[in-house]
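The structure appears right after this line, and notes come after that.
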Amino acid sequence: MPEKNETLVILDYGSQYTQLIARRTRELGIYSVILPFSTDIATIRDYEPKGIILSGGPNSVYEKNAPKLDTNILGTHLPILGICYGLQLLALHFGGKVEASSTREYGLASIKLTDKSALLDKKTDGSKVWMSHGDHVSMAPKKFVVSAMSGNTICALESTDDNIFGLQFHPEVSHSTFGVDVLKNFLVNICKFSQSWTPGSFIDTETKRIQELVGKDKVICALSGGVDSSVAATLVSKAIGDQQVCVFVDTGLLRKDEYDDVLEAYKNIGLNVTPVRAKERFLSKLAGVTDPETKRKIIGNEFIEIFDEEAKKIGNAGWLVQGTLYPDVIESVSVFGPSVTIKSHHNVGGLPEKMNLKLIEPLRELFKDEVRKIGAELGLPDAITLRQPFPGPGLAIRIIGEVNDEAISLVQAADAIVREEVGGSNVRESLWQYFAVLLPIQSVGVMGDGRTYEKVVAIRAVSSLDGMTADWAKLPHELLEKISGRIVSEVRGINRVVYDITSKPPGTIEWE
Ligand code: XMP
């Protein structure tokens with residue numbers, strides 16, 4: 001983290017765009033934190049912010065339980081920018097009028113500058129902005145200047161004496177043509193941020209923080225081979241070296257050659273890794289099991305047992321490293337009811353509770369792409385930083401039905417072809433995940449002069465921002481044709497390939 005006085009506080013009133021505000025400010029080299037709107041003023045002051053943004057939100061200011069403006073923030077005399085709902089709260093507080101509407105204005109609008117503005121420069125005049133609101137400000141408070149209108153709607157208000165600003169539109173949404181410039185004006189010219197935050201500067205401060213936190217204790221880390229745990233472990237290793245022991249388990253459910261490749265990559269980075277080969281353990285427990293949730297539980301329990309055994313070997317480990325990211329943290333401090341639930345797949349099946357370890361989460365303030373940049377800066381190879389997300393239970397949930405050696409070999413071989421072909425194409429960057437799923441059915445085919453009766457593989461490729469929703473990818477037909485042709489001719493035991501055209505919702509990304 002940068003110096004404390006280089007922080008922007010974003011108070012979250014529940015808008016779907018709040019995370020985007022944080023994204024944009026980070027892209028401008030300005031560190032920001034998102035806090036629930038109800039955060040007390042002492043906590044806000046602890047961040048020593050240089051400015052405050054009030055986000056949009058789904059409520060009407062007139063609703064009975066609508067989130068309120070904490071007027072204590074005005075007492076900080078910091079520059080404040082209210083966006084959409086945030087603007088309406090400010091307008092109401094300072095004596096303006098907010099009018100409830102029966103319909104929402106949603107989509108593009110163009111704005112017209114109506115007065116001189118510290119926030120909006122000339123180029124924004126006539127430009128497109130993104131609107132998403134029900135209520136609107138129908139009368140500006142006395143001390144405020146209306147600096148822009150969109151049709152009859154007040155679009156921007158400012159009181160430069162008090163450094164208080166409001167926008168009806170969403171500058172954080174990329175459809176607002178000059179949105180980033182508007183945010184930059186507020187942050188750089190009004191709040192006076194120095195734009196010195198970079199993912200690189202994060203490494204130094206975080207390294208020091210971990211050293212102070214951990215002292216001489218031992219630290220344990222469960223590596224999955226994925227980006228998050230690898231970057232977290234590498235950062236901790238930079239801070240405390242071999243005081244950290246990483247455990248990397250070969251469940252037998254990883255992708256083709258993955259265990260050796262990842263282990264090799266870890267070796268090159270100099271991580272202190274204890275490899276555990278446990279394929280037989282996992283497969284014997286999974287024999288005969290077809291229910292997806294039972295598979296997950298068996299795998300989770302086996303992980304805990306192995307981890308427990310390894311932790312005992314290390315002795316007196318006091319800390320557990322986890323690769324929790326910012327989107328998980330934001331979700332868990334949601335606007336209407338903070339909770340500290342960590343997503344179950346982030347703690348490998350409940351490890352912290354069971355083992356009484358304190359958590360180190362060095363990435364909890366970063367977004368995935370920032371983590372990738374930090375990984376690259378720490379020297380991690382692309383093979384790790386650019387990996388697609390891979391589920392903890394591994395291929396077990398991509399083999400529909402019983403998991404056994406034969407099924408693993410089939411899905412691994414098909415998946416390797418999908419990865420090779422999609423990975424080598426120019427659509428790869430637009431995809432969140434792409435993989436093969438082995439189905440428990442056989443179909444009739446004809447190869448050469450002979451009849452075949454073999455297994456079916458489904459190809460899944462999706463685009464997504466965060467895995468919560470996803471669109472099936474419109475892969476070029478030629479690419480699908482190549483994948484299908486290669487799988488059927490190269491993977492003996494598969495004679496048919498289908499393509500999954502279900503989005504999430506209603507489907508999920510994984511089949512189980
Ligand atoms: P679904 O299938 O729920 O997946 O749409 C959303 C994202 O989560 C991953 N996923 C998992 N990750 N343990 C994990 O660590 C799991 O049990 C699990 N199930 C799904 C999935 O790969 C996708 O990125």
Side-chain angles (χ1 to χ4, degrees), residues 221-233 247-249 251-255 258 262 282 285-286 289-304 306-307 320-328 331-332 341-352 361 363 367-369 371-372 384-400 403 411-412 415 418-419 422-423 428-439 458-473 500-512:
C221 173
L223 285 174
S224 69
V227 189
D228 308 343
S229 67
S230 302
V231 174
V247 179
F248 180 46
V249 182
T251 56
L253 302 165
L254 297 171
R255 289 167 288 193
E258 189 165 25
V262 169
F282 281 90
K285 292 265 168 58
L286 286 168
V289 180
T290 54
D291 175 65
E293 283 313 299
T294 314
K295 285 185 196 172
R296 272 200 170 76
K297 282 208 185 86
I298 290 173
I299 294 166
N301 286 339
E302 207 55 31
F303 256 123
I304 291 174
I306 292 173
F307 207 74
L320 174 75
V321 178
Q322 286 197 158
T324 314
L325 302 191
Y326 202 35
D328 310 317
E331 263 168 40
S332 66
T341 329
I342 299 166
K343 282 185 178 178
S344 58
H345 64 267
H346 274 291
N347 55 21
V348 201
L351 284 172
E361 299 177 311
L363 312 178
F367 292 98
K368 190 103 178 173
D369 57 330
V371 170
R372 290 197 159 116
I384 287 186
T385 56
L386 300 182
R387 272 174 50 132
Q388 8 168 2
F390 186 63
L395 297 176
I397 58 168
R398 294 183 183 168
I399 293 169
I400 314 304
V403 180
V411 80
Q412 276 182 338
D415 185 73
V418 176
R419 280 195 289 151
V422 179
R428 183 187 66 90
E429 281 189 11
S430 63
L431 300 178
W432 170 261
Q433 274 171 303
Y434 44 95
F435 53 86
V437 180
L438 183 70
L439 308 190
I459 307 300
R460 183 77 164 137
V462 294
S463 57
S464 171
L465 275 180
D466 49 18
M468 306 296 280
T469 60
D471 288 324
W472 66 272
D500 183 351
I501 54 168
T502 322
S503 288
K504 173 184 179 177
T508 52
I509 296 176
E510 305 288 348
W511 275 43
E512 285 196 335

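One-based numbering, in listed order, for ligands and for the atoms of each. Computation of the quantities below employed the complete heavy-atom set of this structure, encompassing side-chain atoms and omitting hydrogens, waters and symmetry-equivalent molecules.
Arg460 contributes atom CZ, which lies 9.5 Å from atom NZ of Lys504 (distance to the nearest 0.5 angstrom).
In the vicinity of Gly392, heavy-atom distances shorter than 4.0 Å reach the ligand 1 atoms 12 (N), 13 (N), 14 (C), 15 (O). For ligand 1, the atoms sitting less than 4.0 Å from at least one non-hydrogen atom of Lys504 are 1 (P), 3 (O), 5 (O), 6 (C), numbered in the order shown with element in parentheses. Here is the list of ligand 1 atoms found below 4.0 Å of a heavy atom in Thr508: 1 (P), 2 (O), 5 (O).
Heavy atoms of Trp432 approach ligand 1 to within less than 4.0 angstrom.
Geometrically, ligand 1 and Pro393 share no nitrogen or oxygen pair separated by less than 3.5 Å. Here's the thing with Glu512: none of its N/O atoms is less than 3.5 angstrom from an N/O atom of ligand 1. Between Pro389 and ligand 1, a contact under 3.5 Å exists for no N or O pair. When only interatomic distances are considered, the shortest N/O to N/O separation between Arg398 and ligand 1 does not fall below 3.5 Å.
Remark: Phe248 engages Tyr259, Tyr266 in a ring pair (Phe, Tyr, Trp, His ring centres under 6.0 Å) (not counting sequence neighbours).
With hydrogens and angles disregarded, a donor-acceptor distance shorter than 3.5 Å links the side chain of Arg372 to the backbone of Arg387. A distance-only check finds a donor-acceptor pair linking the side chain of Gln412 to the backbone of Leu254 [under 3.5 Å].
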Exercise. Are Ser430 and Ser463 close enough, and set up right, to give a side chain to side chain donor-acceptor pair (under 3.5 Å), and what steps lead you there?
Worked result: CA-CA 6 Å; Ser430 63; Ser463 57; over 6 Å; no
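Arg419 has no carboxylate O lying under 4.0 Å from a charged side-chain N of Glu258, or vice versa, which leaves the two without a salt bridge.
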